[in-house]
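Whatever order the structure lists them in is the order used to number ligands and atoms, beginning at 1.
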Amino acid sequence: RTRPPVVFHWFPFIGSAIHYGMDPLGFFLSCREKYGNVFTFILLGRKVTVALGAAGNNFILGGKSNVFNAEDAYTHFTTPVFGKDVVYDCPNDKFMEQKKFIKYSLTGDRFREYVGMITEEVEGFIKKDETFAAYQANSKEWAKFDAVETLSQITILTAARTLQGKEVRDNLDKTFAHLYSDLDGGFKPINFLFPNLPLESYRARDRAHKKIADFYIDIIQKRKSGTTENVDDVMGYLMQQKYRNGQQIPDHEVAHMLIALLMAGQHTSSATGAWATLHIAENPELVEVMYAEQVKHFGNPDGSFREMTFEEMRDLPVLDAVIRETLRMHPPIHSIMRGVREDVPVPTSLASPDKEGGVYIIPKGNYTLASPIMSQMDPSIWVHPERFETARWTDPEGFAKQALRTYDDKDGEKIDFGFGLVSKGTESPYQPFGAGRHRCIGEQFAYLQLGVVLTTLVRHLEMKLGAPFPGNDYTTMITMPLAPRDVYYRRRP
Ligand code: HEM
């Protein structure tokens, strides 16, 4: 029974780790040329079978969880950070219930309040942080901020205020910031590759996990005993939920779910925010188009703005296109992995049959990898995929028609990817939030957070770039812009 071809490598254990780690997109492109859409590469002793393209995404993300298993691929990395009995440290059925609780805690009335909270945090930041001294001094000169630093700080402040609750937000300026930084220090590619090394960063990760979990459990218990007021936030919601078997969610699981939310949302959103800010600053006209969109919908006669609602925000085509196009070119998670639990045949539609006409078999014990970035940057689907073009999503008549090709899905049906008509299915080539049973539940929140952050910046600042657009740093797990990533800003008159 034929295995998929193995990518040539010089060193047995290391395999293709360096090429993949430094430049996954370039690595996949060169492998596709040599081996086709399905091949196996060695990643520090692991055998990883890649299935490229929308058909590859569909094969892996649409597969059954007892065949392609997420826990097997991720638990060694996530459990020391999130904690026990949640996400990938419990049976998948239980995690699916947890996902549902979190999903329902992130809608409706809470979202309405979040718009005001996020606006307040961003305005508070530019009115206080020293990077925005020129803004505060009302200077007419251009000054600069580092897109990654600034968006990362704004993301944690806004996520803490909304998702994590008042207690965490109030402690962010004090103890919590250090703990978070230690925990985050254990959420890096090295931790993915080597779950346990006798290094200080690993010990700091474990200490930070324990202290943060205890911090949450203490709040939960104070709320339960009435020592602190009960609050209708995500923690308050989770505290009231019951699993299908009637069990209330234990305190440590509520705590661990909140840590998981913090980690799942932080780098993904802050990287997207940084890339989006760089893209709009690269094209100052686009900043002004976004500003005009704000003035048109929310401008008051005196030049101030009224608050937008979440629903109104989703109706702003330019803002929406900026976020979508950023996520197309820079999906924070470029590789989605699964552990293979039983031998799986690769569909012939995905990989041509071997010499004897048999199909490839991916053996049990391998890992599989789907890569949204490959299908999102594929020139056979997107015209000039390397160009940041908001018109792909906004202009049904003009650019979109030429820029987006229709795409045959697995049943031969045509899907039109113009004007935002992107299917959310496992067969879609546009998958910044994944697809199938493990699909992201934070998408709505991410749009809300990014939308309010970007519009608040645009309402206050003119922006431009001072250097060529930065390249990709893939070594950080979540793809980040390489330095320099300065954005020049000037306070609006
Ligand atoms: C799953 C991307 C923000 C919570 C995923 C997956 C992707 C993704 C690609 C699928 C992973 C897989 O199949 O292995 C993103 C991006 C974000 C974002 C691009 C922001 C721009 C968030 C936020 C939260 C969140 C803000 C929480 C509030 C989750 C959860 C899962 C998930 C709970 C489910 C994991 C699973 O079922 O295995 N996300 N995410 N994400 N995300 Fe997000």
For the aromatic rings, using the six-membered ring if either is Trp, is the centroid distance between [X] and [Y] under 6.0 Å?
X    : Y    : answer
Y447 : F310 : no
Y104 : Y237 : no
F194 : Y202 : no
Y114 : F111 : yes
H209 : F82  : no
F388 : W275 : no

Nearest-contact summary for [atom] - protein heavy atom, Å:
atom                    : answer
atom 37 (O) of ligand 1 : K99 NZ, 2.7 Å
atom 31 (C) of ligand 1 : C440 CA, 4.1 Å
atom 6 (C) of ligand 1  : F433 O, 3.8 Å
atom 35 (C) of ligand 1 : Y88 OH, 3.3 Å
atom 24 (C) of ligand 1 : G442 CA, 3.6 Å
atom 4 (C) of ligand 1  : A264 CB, 3.6 Å
atom 27 (C) of ligand 1 : L261 CD2, 3.5 Å

Distance under 6.0 Å and angle within 45° of ring axis: R341 vs F68:
no
Option set [options], criterion heavy-atom distance to [atom], minimum:
atom                    : options                : value
atom 21 (C) of ligand 1 : I333, I323, T272       : T272
atom 26 (C) of ligand 1 : G434, A276, G265       : G265
atom 30 (C) of ligand 1 : L262, I441, L258, T268 : I441

What do you reckon, is NZ of K94 surrounded by more than 12 foreign heavy atoms closer than 6.0 Å?
yes
Non-hydrogen atoms of R338 versus ligand 1: any pair closer than 4.0 Å?
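Judged by the 4.0 Å heavy-atom criterion, R338 does count as contacting ligand 1.
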Does the residue P432 have a heavy-atom contact with ligand 1, meaning some pair of atoms that are separated by less than 4.0 Å?
yes
Determine, for R32 against D378, whether the closest basic-nitrogen to carboxylate-oxygen distance falls under 4.0 angstrom.
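A salt bridge is present here (some side-chain N lies under 4.0 Å from a carboxylate O).
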Salt-bridge present (K364, E342; N to O < 4.0 Å)
no
Report, in ascending order of atom number, the atoms of ligand 1 lying under 4.0 Å from any heavy atom of [X].
X    : value
L163 : 28 (C)
Y74  : 12 (C), 14 (O)
H438 : 1 (C), 10 (C), 13 (O), 34 (C), 35 (C), 36 (C), 37 (O), 38 (O)
F445 : 26 (C)
A446 : 20 (C), 21 (C)
P332 : 19 (C)

So among S428, S375, S371, which one has a side-chain hydrogen bond (donor to acceptor under 3.5 Å, both in side chains) with N57?
S375
